[in-house]
Amino acid sequence: MNATARELVASFDLEKLVPEFYADPYPTYRALREHEPVKLLPNGSYFLTRYDDLVGIYKNTKLFSSDKKREFAPKYGDSLLYEHHTTSLVFNDPPAHTRVRRLIMGALSPRAIAEMEPDLVALVDRLLDTLAAKGDVELIGDFASAIPIQVIGNLLDVPMPEREPLRDWSLAILGALEPVIGADVFARGNRAVKDFLAYLEILVERRRARPGNPDRDVLTRLIAGEDSGERLTAKELLHNCIFLLNAGHETTTNLIGNGLVALSHHPAEKRRLIGNPDLAKTAVEEVLRFESSNQLGNRMTTERVDLGGIAMAAGTPLTLCIGAANRDPRQFADPERLDIGRTPNRHLAFATGAHQCAGMALARLEGAIAISRFLARFPDYRLNGTPVRGGRVRFRGFLSVPCAVG
Ligand code: HEM
């Protein structure tokens, strides 16, 4: 191990990250994967970076739990943030998870998603017209973030004039999931859950009184439940609607933003995609692998287990580093290279196993339409300022990206 790698591995602490790490975490991830793929952190948790280890953990819900009731208790206390996160399907194990997931998957059916495509194309084209009129634009606020918020607004059929607060609520709730949070982030997160719940209660009441089209409106589907009689409780319904917005918002914004920035840094790949628009699907997969929007996942051991030769007690928290696994050379040839035609590309950006992203078909559709239509309209776009990173380790993306499209 060379001195730099040794230093990166020795000093790595998820709770004490430095600005260079946020700018480019991949040298650290590589050093960890090569030299200490199951790394004990000062807080007693383990940080895992190998592809095969992650797949094994994701696929075993019995040994590796997603239930966060115990872990979140000291962090959130008896708060709305605690109620929200511990009611979301992503932080539950079977059988509670299986029930809620079945209902959500039913509502996000391939048919429901196919129904969204024409509206999505129209939305993207409207945004592109606005960008063209401006010339100098900000890629995240003016484009990338506007797409998922409207898509999920459409999914739950939130009236247009009521969509404004959705983005800030979502950012505030997700911000509170960072490994270390201050009192202000905690307070903002709780306030956002409170306001969001109050709003959703009104929306659900209205929808119960006047159901929408169940083929297009996920909220109507979730209220109605399954033909078998399976229903969400009132609390499950509200918190999982909040979760849907959160799960689909920042992640997809980052997919679109990361894609456009990565392509502008790789002009040959950008030209290749412009010349071969049929590569849009593999290009989206490659952006998901190369700059995964969601870089970290978490599990907790339920029994004594052995991982990478290390014996762990039951109740040991694990952080699964998707960003590192997606550049594991044992799974991906030449992993540090952006190759928009890469096949196969079995990345873990959407995880795998029982909790694999329930919205991945929608995210892929949004990514492909947004990126390919942007490139077709503005093949000569160029960044004309310094992109500002979100400064988060879990959700990797940009807060703002100045860009000229004229
Ligand atoms: C690029 C965009 C997206 C990425 C990278 C992403 C990533 C992920 C990942 C990694 C998980 C697994 C979390 C875990 O178990 O540790 C997940 C779960 C989930 N995602 Fe996504 N997601 C994206 C977009 C979306 C969208 C658009 C929606 C819905 C509108 C969505 C809904 C969900 C839901 C409901 C789950 C929980 C599934 C379960 O626990 O069974 N996601 N996502």
Side-chain angles (χ1 to χ4, degrees), residues 48 54-55 57-61 64-68 85-109 112-113 116 120 144-145 147-156 166 170 174 177 218-219 221-222 232 236 239-259 284-300 317-323 325-326 347-371 394-397:
L48 289 99
L54 265 67
V55 170
I57 294 169
Y58 276 130
K59 293 209 161 155
N60 191 338
T61 52
F64 304 103
S65 166
S66 290
D67 189 304
K68 299 282 187 290
H85 286 308
T86 54
T87 312
S88 302
L89 82 159
V90 74
F91 295 143
N92 273 285
D93 290 330
H97 165 257
T98 322
R99 234 190 85 241
V100 178
R101 181 169 171 105
R102 200 177 308 125
L103 285 156
I104 295 209
M105 289 304 281
L108 287 173
S109 65
I113 290 168
M116 288 171 208
L120 181 55
S145 73
I147 298 166
I149 212 79
Q150 297 304 342
V151 166
I152 298 173
N154 291 347
L155 211 70
L156 300 175
L166 297 180
S170 161
L174 288 182
L177 280 179
V218 168
L219 187 54
R221 281 288 293 258
L222 290 178
L232 295 175
E236 283 171 346
H239 284 297
N240 282 291
C241 282
I242 296 184
F243 178 69
L244 271 184
L245 177 85
N246 292 345
H249 169 225
E250 198 171 351
T251 46
T252 314
T253 299
N254 290 349
L255 162 62
I256 298 167
N258 291 348
V284 165
E285 298 309 307
E286 182 65 345
V287 171
L288 284 161
R289 181 193 73 82
F290 189 74
E291 278 278 39
S292 306
S293 325
N294 184 347
Q295 296 255 317
L296 305 179
N298 294 95
R299 295 295 186 265
M300 190 179 274
L318 309 177
T319 298
L320 314 187
C321 186
I322 294 173
N326 278 345
H347 63 75
L348 296 176
F350 295 120
T352 184
H355 286 275
Q356 187 174 43
C357 179
M360 63 187 184
L362 180 56
R364 285 176 161 142
L365 186 69
E366 289 180 64
I369 290 177
I371 293 174
R394 185 175 299 277
F395 297 104
R396 184 160 178 80

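Note that ligands are numbered from 1 as they come in the structure, with each ligand's atoms numbered from 1 the same way. Keep in mind that what you see is a predicted model, and the values were worked out from it rather than measured.
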Could you check whether any side-chain N or O of [X] sits under 3.5 Å from a backbone N or O of [Y], counting only pairs where one atom can act as donor and the other as acceptor?
X	Y	answer
T251	A247	yes
N258	S293	no
S292	Q295	no
N240	L89	yes
S65	D67	yes
T252	G248	yes

For [X], which part has a heavy atom under 4.0 Å from ligand 1: side chain, backbone, both, or neither?
X	value
A354	backbone
R101	side chain
L288	side chain

Under 2.8 Å from atom 21 (Fe) of ligand 1, the protein N, O or S atoms, given as residue and atom:
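Correct list: C357 SG.
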
Would you say the side-chain atoms of R299 and S66 include a donor-acceptor pair closer than 3.5 Å?
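Per modelled atom types, R299 and S66 side chains form a pair under 3.5 Å.
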
Taking the non-hydrogen atoms of H97, is any one of them nearer than 4.0 angstrom to ligand 1?
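Flag set, H97 near ligand 1.
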
For [atom], the protein heavy atom that lies nearest, with its residue and separation:
atom	answer
atom 13 (C) of ligand 1	V90 CG2, 3.7 Å
atom 37 (C) of ligand 1	F243 CE2, 3.7 Å
atom 12 (C) of ligand 1	H355 O, 3.5 Å

Parallel, tilted or perpendicular: which one describes the rings of H85 and F91, with boundaries at 30° and 60°?
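Aromatic pair H85/F91 classed perpendicular.
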
Nearest non-hydrogen contact to atom 5 (C) of ligand 1 from the set A351, G397, A349 belongs to A349

Counting heavy atoms only, name the option from Q356, M105, R299 that's nearest to atom 14 (C) of ligand 1.
R299

By the definition side-chain contact (heavy atoms from CB on, under 4.5 Å), identify the one residue from L318, L348, N326 that meets it with L54.
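Of the listed residues L318, L348, N326, the side-chain contact (heavy atoms from CB on, under 4.5 Å) partner of L54 is L348.
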
Qualifying residues under salt bridge (charged side-chain N to carboxylate O under 4.0 Å, His left out), relative to E286, sequence neighbours excluded
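Expected list: R289, R342.
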
